[in-house]
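One structure below.
Keep in mind that the numbers below use all heavy atoms, side chains included, and drop hydrogens, waters and symmetry copies.
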Amino acid sequence: HPWGRTSNDFTSLGIGRTTTQWNDNGRMMLTTDMVLAFDLGDTPNVGNPGRCGGNNDPCTASSTRSYVDVFRQSNDAWYDAFFPAWQKLQELGYAEGTLKALDACSIGTSSPTTTSPTTASPTT
């Protein structure tokens with residue numbers, strides 16, 4: 001099935017721009033998602049601007065399309081690539097040894113305390 005391009009005009013909401021999303025049979029992607037698979041250029045599908053990803057579309061594969069295909073076929077491949085990159089991103093800006101794994105942190109050694117809810121007497 002081809003992906004249909006929809007423009008969303010947010011200028012009246014004070015955002016000041018129009019955005020594009022791509023829809024296909026209940027699924028939605030943003031242009032940032034689509035360019036991972038397709039080389040959209042500045043004018044996607046010049047001959048038929050509302051379509052991309054159909055069997056006869058003129059969109060060419062992007063330079064990252066092979067990664068999209070690998071990750072589409074295997075969640076394990078995606079996890080193996082994503083989690084180390086996510087950890088690296090989260091650690092940016094921290095000196096070596098500053099961060100600890102959650103299981104190495106002593107968040108609390110005693111069991112949590114609970115308090116009974118209080119009820120206020122109605123005032124008249």
Quick one, [X] and [Y] - any side-chain contact, counting heavy atoms below 4.5 Å?
| X | Y | answer |
| --- | --- | --- |
| Phe10 | Thr19 | yes |
| Trp22 | Thr31 | yes |
| Arg65 | Phe38 | yes |

Set of residues satisfying side chain to side chain contact (heavy atoms under 4.5 Å, CB included) with respect to [X], sequence neighbours excluded:
| X | value |
| --- | --- |
| Val70 | Ala77 |
| Ala81 | Phe71 |
| Asn75 | Tyr79 |
| Leu89 | Trp86, Leu92 |

Nearest heavy-atom pair of Thr64 and Val35: which atoms, and what distance? OG1-O, 4.1 Å

Note: Ser7 and Thr20 closest approach over all heavy atoms is OG-OG1, 4.3 Å

Tracing side-chain links under 4.5 Å among I, L, V, M, F, W and Y, which residues wind up in one group with Leu30?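 Noted: Leu30 shares its cluster with Met28.
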
What distance separates Gln21 CD from Arg27 CZ, expressed to the nearest 0.5 Å?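 The CZ atom of Arg27 is 13.5 Å from CD of Gln21, to the nearest 0.5 Å.
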
Rounded to the nearest 0.5 Å, what separates atom CG in Asp69 from atom OG in Ser74?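 Taking CG in Asp69 and OG in Ser74, the distance rounds to 12.5 Å.
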
Residues two or more places apart in sequence or in another chain: which of them pass salt bridge (charged side-chain N to carboxylate O under 4.0 Å, His left out) with Asp33?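 If we apply the salt bridge (charged side-chain N to carboxylate O under 4.0 Å, His left out) test to Asp33, skipping adjacent residues, there are no hits.
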
So does Phe83 have more than 12 non-hydrogen atoms from other groups sitting under 6.0 Å from CZ?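 Yes, because the 6.0 Å sphere around CZ of Phe83 holds more than 12 heavy atoms from other groups.
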
